[in-house]
Amino acid sequence: MEQRLACGLHVVATPIGNLGDLSARAAETLRRADLVLAEDKRVSAKLLARAGAKAPMATYNDHSSEAERERILARLAHEAVALVSDAGTPLISDPGYKLVRAARAAGHAVHVVPGPCAAIAALTLAGLPTDRFLFAGFLPSRAKARSEAIDELAAVRATLVFYESGARVGETLEALRDALRNREAAVAREITKLHEECVTGTLGELAERYRGAAPKGEIVIVVGPPAPAAEASDAELDAALDSALERLSPSRAAGEVAARLNVPRKRAYARALERSR
Ligand code: SAM
């Protein structure tokens with residue numbers, strides 16, 4: 001018989017398509033838990049059967065009532081409760097954060113069994129910069145709210161990651177192309193499943209490819225960061241410095257203008273000294 005798990009909440013990542021991706025530790029945690037909380041019991045029952053887990057299950061999502069959360073919290077003090085979502089990592093565009101927050105606030109232990117996550121898997125496939133990325137989840141479905149959300153992200157100097165359904169990918173790519181122009185992007189579909197694919201191209205090319213041709217399955221859209229802004233020309237720098245030098249010392253004028261025009265301070269200072277002679 002397997003040992004009991006530590007008491008508290010165990011957040012367990014599960015496969016996003018390929019059941020072989022259930023980690024040994026995730027399977028063991030599900031087997032040893034006293035209770036498994038699932039977004040949809042029917043979906044997770046198959047996974048539990050595969051893991052050989054016989055623990056009772058209960059439904060949990062972020063719409064669960066305060067009273068239900070209180071009942072779960074009461075059990076965390078003396079039992080091990082595992083939380084899974086339908087697929088991937090709980091809390092990532094999935095239920096769980098309210099429960100984790102409440103468990104922490106009540107002083108219970110929270111553990112994680114990390115694993116599959118479609119956003120990270122898509123970033124891994126896309127071949128776009130990964131040093132900085134922003135996970136934006138699902139965009140609003142209404143056109144106006146969607147374009148406002150995209151406009152808000154336009155200046156972010158990072159790769160952007162969106163979740164999307166096959167049915168909406170065409171119109172989302174068109175909205176992204178209209179606001180973000182021709183950035184490099186990727187559409188990752190059915191990751192880890194039989195028909196996995198990752199199509200790359202500019203937003204214009206991808207919008208064209210998926211226009212009126214809704215692909216089947218689950219999708220992640222990855223959009224590369226904006227091109228670095230061109231540095232200000234000497235003429236632009238001189239004009240800004242001449243005006244700043246009417247109020248400030250060369251050093252302070254250089255600092256102010258360098259920050260405003262996004263040029264190296266050293267370049268602005270050398271120019272400021274010349275202009276002030
Ligand atoms: N918690 C999950 C995770 O860790 O990725 C995400 C859950 S969210 C409700 C479901 C969305 O994730 C789908 O609409 C799709 O955008 C993305 N997704 C999940 N599995 C996927 C897969 N195998 N291939 C591509 N996208 C996937």
Side-chain angles (χ1 to χ4, degrees), residues 9-23 25-26 29-30 36-44 46-48 50 59-64 82-101 110-128 130 133-141 146 149-150 153 159-173 175-176 185-201 203 206 209-210 213-223:
L9 182 66
H10 297 254
V11 181
V12 181
T14 62
I16 55 170
N18 187 327
L19 290 181
D21 292 337
L22 183 73
S23 73
R25 191 168 158 242
T29 303
L30 296 175
V36 177
L37 301 174
E39 197 182 350
D40 182 331
K41 290 200 283 184
R42 282 164 311 175
V43 172
S44 298
K46 292 180 202 146
L47 190 78
L48 262 67
R50 185 185 166 94
T59 305
Y60 177 81
N61 57 52
D62 280 333
H63 303 296
S64 296
L83 171 71
V84 296
S85 59
D86 285 354
T89 301
L91 281 81
I92 308 301
S93 287
D94 263 341
Y97 92 92
K98 288 183 183 169
L99 183 60
V100 168
R101 192 168 57 176
V110 179
H111 313 270
V112 66
V113 182
C117 175
I120 299 298
L123 272 168
T124 316
L125 288 171
L128 292 164
T130 50
F133 61 87
L134 186 147
F135 173 63
F138 289 96
L139 283 165
S141 52
R146 182 174 55 213
I150 298 172
L153 296 169
T159 291
L160 306 174
V161 184
F162 302 94
Y163 281 168
E164 195 46 283
S165 67
R168 278 216 304 254
V169 70
E171 56 183 280
T172 298
L173 284 167
L176 288 167
V187 174
R189 189 173 75 87
E190 295 289 86
I191 303 169
T192 75
K193 301 185 198 175
L194 186 61
H195 298 293
E196 173 181 301
E197 66 174 5
C198 182
V199 181
T200 58
L203 280 171
L206 293 173
R209 174 178 172 139
Y210 289 101
K216 288 212 175 79
E218 300 193 281
I219 302 252
V220 182
I221 300 174
V222 186
V223 181

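Values below: all heavy atoms of this structure, side chains included; hydrogens, waters and symmetry mates excluded. Fair warning: this is a prediction, and the values are worked out from it, not measured in the lab. Both ligands and their constituent atoms are indexed starting at 1 by order of listing.
Backbone and side-chain nitrogen or oxygen atoms of Y163 are examined, and one is located within less than 3.5 angstrom of a nitrogen or oxygen of ligand 1. Backbone and side-chain nitrogen or oxygen atoms of A118 are examined, and one is located within less than 3.5 angstrom of a nitrogen or oxygen of ligand 1. Considering both main-chain and side-chain atoms, A119 never comes within under 3.5 Å of ligand 1 through any nitrogen or oxygen pair. The shortest N/O to N/O separation between E164 and ligand 1 falls below 3.5 Å. Of the N or O atoms in C117, none lie within a sub-3.5 Å distance of an N or O in ligand 1. Ligand 1 has no N or O atom lying under 3.5 Å from any N or O atom of G88, backbone or side chain.
Checking I221, I219, V199 one by one against Y210, the side-chain contact (heavy atoms from CB on, under 4.5 Å) holds for a single residue, V199.
Closest to atom 9 (C) of ligand 1 among all protein heavy atoms lies S93 O, 3.2 Å. Of all protein heavy atoms, the one lying nearest to atom 7 (C) of ligand 1 is D94 OD2, 3.3 Å. Nearest protein heavy-atom contact of atom 2 (C) of ligand 1 is A87 O, 3.3 Å. Annotation: atom 16 (O) of ligand 1 to nearest protein heavy atom, I219 O, 2.6 Å. Among all non-hydrogen protein atoms, the one lying nearest atom 20 (N) of ligand 1 is E218 OE1, 3.2 Å. Protein heavy atom in closest approach to atom 24 (N) of ligand 1: I191 N, 2.9 Å.
Two residues are said to be in side-chain contact when any heavy atoms from C-beta on lie closer than 4.5 Å; H10 and V110 fail this criterion. Side-chain contact between L134 and T159: absent, with no pair of heavy atoms (C-beta onward) separated by less than 4.5 Å. Counting heavy atoms from C-beta outward, L19 and L47 have side chains that approach closer than 4.5 Å. Taking 4.5 Å as the limit, some side-chain heavy atom of I120 sits within range of a side-chain heavy atom of F133. L123 places none of its side-chain heavy atoms less than 4.5 Å from the side chain of L128. In this structure, the side chains of I92 and F135 come closer than 4.5 Å at one or more pairs of heavy atoms.
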Problem - Criterion side-chain contact (heavy atoms from CB on, under 4.5 Å) on S23 and V113, from CA distance to verdict - result: CA-CA 9 Å; S23 73; V113 182; 4.1 Å; yes

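Under 4.0 Å from ligand 1, heavy atoms of T89 appear from its side chain as well as its backbone. Heavy atoms of L91 found under 4.0 angstrom from ligand 1: none, in either backbone or side chain.
The shell of residues lying under 4.0 angstrom from ligand 1, judged by heavy atoms, includes F138. By the 4.0 Å heavy-atom criterion, I92 is counted among the residues contacting ligand 1.
Within the structure, no pair that satisfies the salt bridge (Lys or Arg N to Asp or Glu O under 4.0 Å) test touches residues 85-101, not counting sequence neighbours.
A search for side-chain hydrogen bond (donor to acceptor under 3.5 Å, both in side chains) contacts involving T172 returns E164, not counting sequence neighbours.
For ligand 1 and E190, the ligand atoms under 4.0 Å from any heavy atom of the residue are 23 (N), 24 (N), 25 (C). Within ligand 1, counting atoms from 1 as listed, the ones closer than 4.0 Å to a heavy atom of K193 are 23 (N).
With respect to K216 and E190, no salt bridge is recorded, no charged nitrogen being found less than 4.0 Å from a carboxylate O.
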